[in-house]
Amino acid sequence: MKGRPLLPFAITAIIGILLMVVLSFVGLDQRAEMNADDADEAEEVTEFDDPVTAGQELAQQSCIGCHGGDLSGGAGPALTGLDGKYSVEEIADIITGGIGNMPAVSNLNDVEADAIAQYLLAESE
């Protein structure tokens with residue numbers, strides 16, 4: 001030991017570095033598995049028994065901040081009288097993709113956006 005006083009510290013440092021490298025790969029593997037699980041969950045889409053009622057609830061959560069409580073306008077335009085102007089698909093595309101000053105509503109999936117579109121058209125009849 002007298003001739004090499006740093007040898008135990010060097011061995012400990014090498015073992016520590018190797019351990020960090022191994023644990024990093026284990027962590028990356030677990031993260032990849034978690035991302036794969038999240039992707040599988042994201043593919044599960046909820047279907048609604050009554051899309052118009054579900055759309056009304058979702059609109060109350062997502063739309064009233066800009067379009068007003070009764071959807072007659074506010075910071076955003078009125079969402080009444082849409083029947084004949086837009087199809088369900090067009091409205092759902094506007095909700096998920098945005099248009100003009102309206103940003104995309106990213107917390108809704110396609111089924112939820114479709115339900116809101118059906119509600120808006122049902123209210124416009």
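Not measured: the values here are computed from a predicted model. Values below: all heavy atoms of this structure, side chains included; hydrogens, waters and symmetry mates excluded.
Evaluation of the side chain to side chain donor-acceptor pair (under 3.5 Å) rule for Asp114 yields Gln118 as partners, not counting sequence neighbours. Partners of Glu90 according to the side chain to side chain contact (heavy atoms under 4.5 Å, CB included) rule, which considers only residues two or more places apart in sequence or in another chain, are Tyr86, Ser87. In this structure, the side chain to side chain contact (heavy atoms under 4.5 Å, CB included) partners of Thr80, at least two apart in sequence or on a different chain, are Ala78.
In this structure, the separation between CD1 on Ile116 and CG on Leu79 is 10.0 Å, given to the nearest 0.5 Å. From Ser24, atom OG reaches atom CG of Leu19 across 9.5 Å, with rounding to the nearest 0.5 Å. With rounding to the nearest 0.5 angstrom, the CE atom of Met102 is 6.5 Å from the SG atom of Cys63. Atom OG1 of residue Thr96 and atom CD1 of residue Ile91 lie 12.0 Å apart, to the nearest 0.5 angstrom.
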Hey, can you pull the donor-acceptor pairs under 3.5 Å for the side chains in residues 69-76, sequence neighbours left out?
{"unit_1": "Asp70", "atom_1": "OD1", "unit_2": "Ser72", "atom_2": "N", "d": "3.2"}
{"unit_1": "Asp70", "atom_1": "OD1", "unit_2": "Ser72", "atom_2": "OG", "d": "2.6"}
{"unit_1": "Asp70", "atom_1": "OD2", "unit_2": "Ser72", "atom_2": "OG", "d": "3.3"}

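Val22 shares a hydrophobic cluster with no other residue; no ILVMFWY side chain has heavy atoms under 4.5 Å from its own. Residue Ile14 shares its hydrophobic cluster (ILVMFWY side chains chained together at separations under 4.5 Å) with Leu18.
Heavy atoms of other residues, nucleotides or ligands lying less than 6.0 angstrom from CG of Asn107 number more than 12.
Listed by first and then second residue, the side-chain hydrogen bond (donor to acceptor under 3.5 Å, both in side chains) pairs involving residues 52-61 are Asp50-Thr53 (not counting sequence neighbours).
Of all heavy-atom pairs between Tyr119 and Gly55, the closest is CB-C, 3.7 Å.
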